[in-house]
Amino acid sequence: MTRKEIAAVLEEIALLLELSGENPFKSRSYTNVARQILQSSEDIAALVREKRLRELKGVGEALEQKITELVSTGKLPYHEELRARFPETLFALFDIPGLGAKRIKTLYEDLGIATLGELEYACNENRLITLKGFGPKMQQKVLDGLAFAKRHQGQYLVSAGLEAANALRDWLCDEKSVSQIEIAGSLRRRKETVKDVDLLAAGSDPDRIMARFVEAPGVETVTSRGDTKSSVVLASGLAVDLRVVSGTQFPYALAHFTGSKDHNVVMRQRAKDRKMKLNEYGLFQGDDRLLRCEDEEAIFAALDLPYIPPELREDRGEFDAESVPELVQREDLLGVMHCHSTYSDGRSSLEEMTAGAKARGYRYIGFADHSQSAAYAGGLRPADVERQHDEIDKVMEKAGGIRLLKGIESDILGDGSLDYDEKILKQFDFVIASVHSKLTMTEKEATQRLLAAIRNPYTSILGHPTGRLLLSREGYPLDLDAIFDACAEHRVAIEINANPHRLDLDWRHLRTASERGIKLCIGPDAHSVEGLDDVDYGLGIARKGWLKKDDLLNCMDAEELLAWRRTK
DNA sequence: GCCGTTTTCGGCCCGACTGTTTTCAGTCG
């Protein structure tokens with residue numbers, strides 16, 4: 001069993017225990033251990049074999065026994081008994097806002113509702129209002145939630161989230177009483193997709209700030225309206241929360257509303273361990289005496305921690321690390337790789353792209369148009385390659401101060417070979433090898449295909465390695481372990497494709513890759529001058545993956561990069 | 001179900017808001 005599968009069983013037990021009305025802390029202990037298993041770098045099967053499960057935090061006698069049974073036999077009677085009490089379809093009800101274990105239990109036991117469809121039917125029949133813990137408003141809220149769930153999956157790309165958040169921030173800045181305003185939440189942590197937007201403001205007149213907020217352009221419904229917190233839903237379906245605090249409270253609130261739930265749990269526990277209390281309004285000692293912190297850094301310091309950048313606040317090792325790394329910054333990026341041009345499916349010319357890169361402060365730009373098999377994208381035939389190289393030389397002559405690199409985004413064909421023969425391949429400064437076709441392979445087939453491409457001596461970078469499209473298409477299954485081994489052995493870099501629809505390789509794997517000595521490369525996959533700005537999304541993901549400037553190919557200068565490639 | 005310089009029982013992070021109540025439970029982050 002994979003660690004994901006083991007964790008999924010434990011998480012399901014936690015939900016089932018809640019539905020059963022069990023002690024919530026019992027439920028939580030299953031959730032905690034599920035999390036530990038997902039985070040652990042240990043092989044869980046090995047822990048079971050060596051009877052070392054108890055080394056995982058939160059595993060006691062009962063969980064040791066259950067996990068051992070689950071891993072050894074592939075099933076767990078305790079889990080199956082719990083499952084037998086409730087229909088599987090009931091789990092979908094948890095996605096409706098306002099519905100938790102208690103209300104779902106009532107719906108199921110009193111009305112026999114087990115599916116979203118039955119729930120909608122019961123609402124339309126007006127049957128929820130008489131139920132204990134429900135009323136007319138709750139019924140309407142459930143109906144709204146059902147409609148919402150139908151319209152959207154409730155997830156948005158980070159690009160959509162940031163766009164909405166920036167617009168709202170600007171709108172609120174025009175309110176005179178606002179002294180500070182920040183985007184918080186998962187957007188500040190630069191998650192690849194977000195469920196909502198969290199804004200935090202400080203100001204002298206909260207009421208006016210709230211009033212302006214609920215009147216913002218694009219606001220379709222106001223979900224809640226209070227003195228310190230209001231929530232709205234934009235026409236796009238995106239939910240936005242605004243919190244207003246005082247200037248003194250701002251740093252504490254910013255930390256509170258930036259950290260993931262799990263990160264915050266650890267922060268508050270650390271405070272508690274030090275006889276303090278941490279919440280969104282402050283860090284308090286003894287009898288509620290405020291420990292003044294001017295900024296987030298001071299809060300971390302008070303809890304004996306170095307400053308933890310927002311992107312790392314996920315409780316994925318930031319508290320255990322010997323030191324928090326000096327994360328890569330925008331000014332560390334010397335060049336921009338993976339740019340398309342009008343030679344294939346780009347909208348901007350070589351010259352325009354070059355000027356755009358120069359204006360953004362890059363010292364070099366790497367062109368990587370599609371290769372000949374990508375007919376749909378106007379892939380370059382050998383003659384086109386020659387033509388493009390001539391033009392690149394000309395553009396470089398008059399560009400001044402920026403270097404152009406001759407690359408290609410070569411399709412990885414079904415058998416793992418690249419899309420040109422050696423004679424052509426050797427002419428490129430770099431080769432990004434990417435899959436664009438035959439996306440439905442088994443894990444074994446897809447892995448073999450990529451391994452063949454990685455072993456090709458001309459491959460420098462593995463482009464968008466899993467082929468995923470966020471919120472619309474899963475990546476093909478891959479044995480990433482094997483891919484990483486091969487990349488390390490053959491000195492092939494892995495792309496962080498910065499297009500907000502991709503953000504592939506996923507940030508959760510970046511730290512592992514870099515620790516194995518693999519170089520990463522932020523590529524905007526730009527098809528226009530504006531597309532160059534997608535680098536910022538890639539940068540957020542790189543930082544989220546704990547990367548330092550030394551880990552990134554495009555933090556090298558052009559000479560260094562070419563030398564790196566030559567030593568392959 | 002776990003855990004332990006407050007320790008083998010009694011806690012387990014904490015607060016806001018909503019909707020249902022008529023003082024609070026449930027949900028959410």
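Values below: all heavy atoms of this structure, side chains included; hydrogens, waters and symmetry mates excluded. Letters go in sequence order (proteins before strands), and every chain restarts at 1.
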B:dG1 phosphate, OP1 or OP2, under 4.0 Å from A:Lys66 side-chain N/O: yes
Tell me which nucleotide among B:dT20, B:dG15, B:dT6 gets nearest to the side chain of A:Lys275. B:dT6
Rounded distance in Å between the C1' positions of B:dA25 and B:dT21: 9 Å
Between A:Thr228 and B:dA16, is there a side-chain N or O to OP1/OP2 distance below 4.0 Å? no
A:Lys277 or A:Leu131, whichever maps to the more 5' nucleotide of DNA chain B: A:Lys277
Side chain of A:Asn279 - closest among B:dC13, B:dA16, B:dG15: B:dG15
Does the Lys NZ or Arg CZ of A:Lys195 fall within the cation-pi geometry relative to A:Tyr156 - under 6.0 Å from the ring centre and within 45° of the axis? no
Taking only the C1' atom of each, what is the distance from B:dG10 to B:dT6 in whole angstrom? 11 Å
Ignoring the backbone of A:Leu63, work out which of B:dC13, B:dG1, B:dT20 is nearest its side chain. B:dG1
May I ask you to say what A:Lys272 touches in the nucleic acid, namely base, sugar-phosphate or nothing, with a heavy-atom cut-off under 4.0 Å? sugar-phosphate
Among A:Leu90, A:Asp95, A:Thr89, A:Ile96, find the one that has a side-chain contact (heavy atoms from CB on, under 4.5 Å) with A:Leu116. A:Ile96
Separation between the C1' atoms of B:dC28 and B:dT22, rounded to whole Å: 24 Å
At under 4.0 Å between heavy atoms, what does A:Asn23 touch on the DNA or RNA strands: base, sugar-phosphate, or nothing? base
Where the side chain of A:Val265 is defined as all heavy atoms beyond and including C-beta, which of B:dC13, B:dG19, B:dT18 is the nearest nucleotide? B:dC13
Using the C1' atom as the reference point in each nucleotide, state the distance between B:dC9 and B:dG19 in Å, no decimals. 36 Å
For A:Asp198 and A:Val240: C-alpha separation, side-chain torsions, deciding distance, then whether side-chain contact (heavy atoms from CB on, under 4.5 Å) applies. CA-CA 6 Å; A:Asp198 291 297; A:Val240 186; over 6 Å; no
With a 4.0 Å limit, can you tell me whether A:Tyr30 has a side-chain N or O closer than that to the phosphate oxygens OP1/OP2 of B:dG1? yes
Pairing pattern in dot-bracket form [Watson-Crick, G-U; both distances under 3.5 Å; | = partner strand] for DNA chain B: ((((....)))).((((((....))))))
In whole Å, what separates the C1' atom of B:dG29 from that of B:dT23? 24 Å
Distance-only, no hydrogens or angles: does the A:Ser179 side chain make a donor-acceptor pair with backbone N or O of A:Ala202 under 3.5 Å? yes
Nearest-Å distance once atom C1' is located in both B:dG1 and B:dT5: 24 Å
Is A:Arg243 salt-bridged to A:Glu280, cutoff N-O under 4.0 Å? yes
Between B:dC13, B:dA16, B:dG1, spot the one nearest the side chain of A:Tyr281, thanks. B:dA16
Nearest-nucleotide pick for A:Ser29, side chain only, options being B:dG19, B:dG15, B:dG1: B:dG1
Distance check: side-chain N/O of A:Arg225 vs OP1/OP2 of B:dT18, anything under 4.0 Å? no
Result block: side-chain N/O donor-acceptor pairs under 3.5 angstrom for residues 271-278 of chain A, not counting sequence neighbours:
residue  : atom : partner  : partner atom : Å
A:Asp273 : OD1  : A:Gln269 : NE2          : 3.1
A:Arg274 : NE   : A:Asp304 : OD2          : 2.7
A:Arg274 : NH1  : A:Arg270 : O            : 3.0
A:Arg274 : NH2  : A:Asp304 : OD2          : 3.3

Between A:Arg52 and A:Glu55, is the closest basic N to carboxylate O distance under 4.0 Å? yes
Protein-nucleic acid N or O pairs under 3.5 Å, nucleotides 27-29 of chain B:
residue : atom : partner  : partner atom : Å
B:dT27  : OP1  : A:Gly100 : N            : 2.7
B:dT27  : OP1  : A:Gly100 : O            : 3.1
B:dT27  : OP1  : A:Arg103 : N            : 2.9
B:dT27  : OP2  : A:Lys102 : N            : 3.4
B:dT27  : O3'  : A:Gly98  : N            : 3.4
B:dC28  : OP1  : A:Gly98  : N            : 2.7
B:dG29  : OP1  : A:Lys195 : NZ           : 2.8

Please examine the side chains of A:Val222 and A:Ser231, heavy atoms only from C-beta on, and report whether any two atoms are closer than 4.5 Å. no
Within residues 311-320 of chain A, which residues have any heavy atom lying less than 4.0 Å from an atom of DNA chain B? none
A:His263 and A:Phe319 aromatic centres sub-6.0 Å: yes
Residues passing the salt bridge (Lys or Arg N to Asp or Glu O under 4.0 Å) test with A:Asp315, sequence neighbours excluded, are A:Arg35
Checking all strands, does A:Pro24 fall into the base, sugar-phosphate, or nothing category for heavy-atom contacts under 4.0 angstrom? nothing
Under a 4.0 Å heavy-atom cut-off, which of residues 75-92 of chain A touch DNA chain B? none
B:dC14 and B:dT20, which share atom name C1', separated by this distance in whole Å: 23 Å
